[in-house]
Colleague: 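I'd like to ask you about the structure that follows.
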There are 2 protein chains.
Amino acid sequence: MKLRDENKINRIYKATLTLVKQNGLAGTTMQAVAKEAKIATGTLYIYFENKESLVISLFNECIKESAAVVFKDYEMSAPFKVGFRTIWLNVLKHKVSHFDQTIFLEQCFHSPFIDDNTRAEAKKLLLPLRELLERGKMEELIKDIDTFWLVSFMIGYANEIAKRITYHKKKLTMETLDINFQICWDGIKA
Amino acid sequence: MKLRDENKINRIYKATLTLVKQNGLAGTTMQAVAKEAKIATGTLYIYFENKESLVISLFNECIKESAAVVFKDYEMSAPFKVGFRTIWLNVLKHKVSHFDQTIFLEQCFHSPFIDDNTRAEAKKLLLPLRELLERGKMEELIKDIDTFWLVSFMIGYANEIAKRITYHKKKLTMETLDINFQICWDGIKA
DNA sequence: TTTATAAATGAATAAAAATTCATTTAACTT
DNA sequence: AAGTTAAATGAATTTTTATTCATTTATAAA
């Protein structure tokens, strides 16, 4: 009996991300995904019921992976600014190094595949970040404004930098990180 | 002789924007566009050779409109911060009030329809903004870092706010504008 | 009015993409 | 080594979407 190859799912995911980055969700066909993943078209349908299912599974995978990365190396006990920097750099580095995921997620939010419910679920993963920001406000280190705007600011900015770096073939050097974190910190600090 | 109705083109554009915001470029069919614009499918092809042509025309239209808006009410003679605020608010207000365009442009950048050349042309429209920022650096009012990052920051942030406001059904009140401009200004000021 | 001209229509066709399935292949069991 | 099972294949089919075109309708000029 031939065993189902879990690794193949990753090949399919990878292929999908590559193609969506290149051509958008609009321009990505199942045939193309299969070809890119070096499998037959039919094989795709062994692993995923249909295109919608593939997109939704990959969406959840990306959300999960991205959430896992945010709090890497974060120490509750460290000073607020240190913790904030760690998290912001985690977000930025991840968005740059997995840029295809960044674009895929963006495309998903305006696709017929992802509904409001899925969107809402995805949002929940940012809860720990919101808590960190509440702490910063408590300690009077950052502006006392609706956390909503603070989150928008740090995530949105990281997103934009990731795009710019990729499109303009910039490198994510330590200098680049420092410059941008400085802007980010000055923006939110009290 | 029946005259070609230029206004119909706007109806088609409007319909396309509405549908792309809802379903993405992926989920937007010519049939659906025609129906939304309340015309027959065939009529669409009188005005646009094919789907690609429709998308590219609309892309150029959006870019043009957005460029026209940026410098509204801007006075060269005003102090730098005043000018900067005017422009930033113009960008933000436009992105919020024409959110369908914001999304359409975003989708275009990852579609098979828009090529690198078109992208580069679009970028040129930000030139006056770059010049303003150079002036700010000269006057030592803002951070002396690559203009590239400053533009990323102000445009990217406006983009993100527009998304957040729309998705979370927030209103663009004067308070909201002030809060966010404060963050933006603190971020770039020297 | 009548005629000429171009726009508008939408069903028909072509093209592209999604999905299926009969057949083959690979890996495990006895 | 033979038998069994499930994965893999890719051509064939179905479904969806883009595009065409013969016909109708509206407008302007004669």
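By convention in this document, chain letters (A, B, ...) are assigned in the order of the sequence lines, proteins followed by strands, and residues within each chain are numbered from 1.
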Colleague: Please report the distance, rounded to the nearest Å, between CE in Met30(B) and P in dA16(C).
Modeller: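 These atoms are roughly 15 Å apart.
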Colleague: Scan Thr29(B) against the nucleic acid and name what it touches under 4.0 Å (heavy atoms): base, sugar-phosphate only, or nothing.
Modeller: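 Since only primed, P, OP1 and OP2 atoms lie under 4.0 Å of Thr29(B), the category is sugar-phosphate.
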Colleague: Could you pull out every donor-acceptor pair under 3.5 Å between side chains of residues 52-62 of chain A and any protein atom, sequence neighbours left out?
Modeller:
{"from": "Ser57(A)", "atom 1": "OG", "to": "Ser53(A)", "atom 2": "O", "distance (Å)": "2.8"}
{"from": "Asn60(A)", "atom 1": "ND2", "to": "Ile56(A)", "atom 2": "O", "distance (Å)": "3.3"}

Colleague: Among Phe84(A), Trp88(A), Tyr157(A), find the residue that satisfies the ring-ring contact (aromatic ring centres under 6.0 Å, His included) test when tested with Trp185(A).
Modeller: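 It is Phe84(A), the one option of Phe84(A), Trp88(A), Tyr157(A) that forms the ring-ring contact (aromatic ring centres under 6.0 Å, His included) with Trp185(A).
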Colleague: State whether Phe99(B) and Lys21(B) meet the cation-pi test: NZ (Lys) or CZ (Arg) under 6.0 Å from the six-membered ring centroid, and within 45° of the perpendicular axis.
Modeller: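 Checked: cation-pi criterion not met.
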Colleague: In terms of the nearest nucleotide of DNA chain D, which residue is placed more toward the 5' end: Glu52(B) or Gln31(A)?
Modeller: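 Result: Gln31(A).
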Colleague: Find the distance Leu25(A):CG to dA18(C):P and express it as a whole number of Å.
Modeller: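 Computing the Leu25(A):CG to dA18(C):P distance gives 10 Å.
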Colleague: Starting at CZ of Arg11(B) and ending at C1' of dA7(C), how long is that distance when rounded to a whole Å?
Modeller: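 So the two atoms are 13 Å apart, to the nearest Å.
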Colleague: Rounded to whole angstrom units, what separation is found between the CD1 atom of Ile39(A) and the P atom of dA11(D)?
Modeller: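 Going from CD1 in Ile39(A) over to P in dA11(D) covers 15 Å.
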Colleague: Expressed as a whole number of angstroms, how long is the span from Lys35(A):NZ to dA11(D):P?
Modeller: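 Between P of dA11(D) and NZ of Lys35(A): 13 Å.
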Colleague: Is it possible for you to check whether Arg85(B) lies under 6.0 Å from the centre of the six-membered ring of Phe181(B), through NZ or CZ, and within 45° of that ring's axis?
Modeller: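 Arg85(B) over Phe181(B) ring: yes.
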Colleague: Between Lys51(A) (NZ) and dT16(D) (P), how many Å, whole number?
Modeller: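 Atom-to-atom, Lys51(A) to dT16(D), this comes out as 14 Å.
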Colleague: Looking only at side-chain N and O atoms, does Thr43(A) come under 4.0 Å of OP1 or OP2 in dT9(D)?
Modeller: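 Yes.
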Colleague: Of the nucleotides dT20(C), dT19(D), dA7(D), which one has an atom closest to the side chain of Tyr45(B)?
Modeller: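 Closest nucleotide among those given: dT19(D).
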Colleague: For Asn50(B) and dT13(C), what is the distance between atoms CG and P respectively, to the nearest whole Å?
Modeller: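 Spelled out: CG on Asn50(B) to P on dT13(C) is 22 Å.
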Colleague: Picking from dT19(C), dA7(D), dG10(C), which would you name as closest to the side chain of Ile46(A)?
Modeller: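 It is dA7(D).
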Colleague: Taking NZ from Lys8(B) and P from dA26(D), how many angstroms apart are they, rounded to a whole number?
Modeller: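 The distance from NZ of Lys8(B) to P of dA26(D) comes to 11 Å, rounded to the nearest Å.
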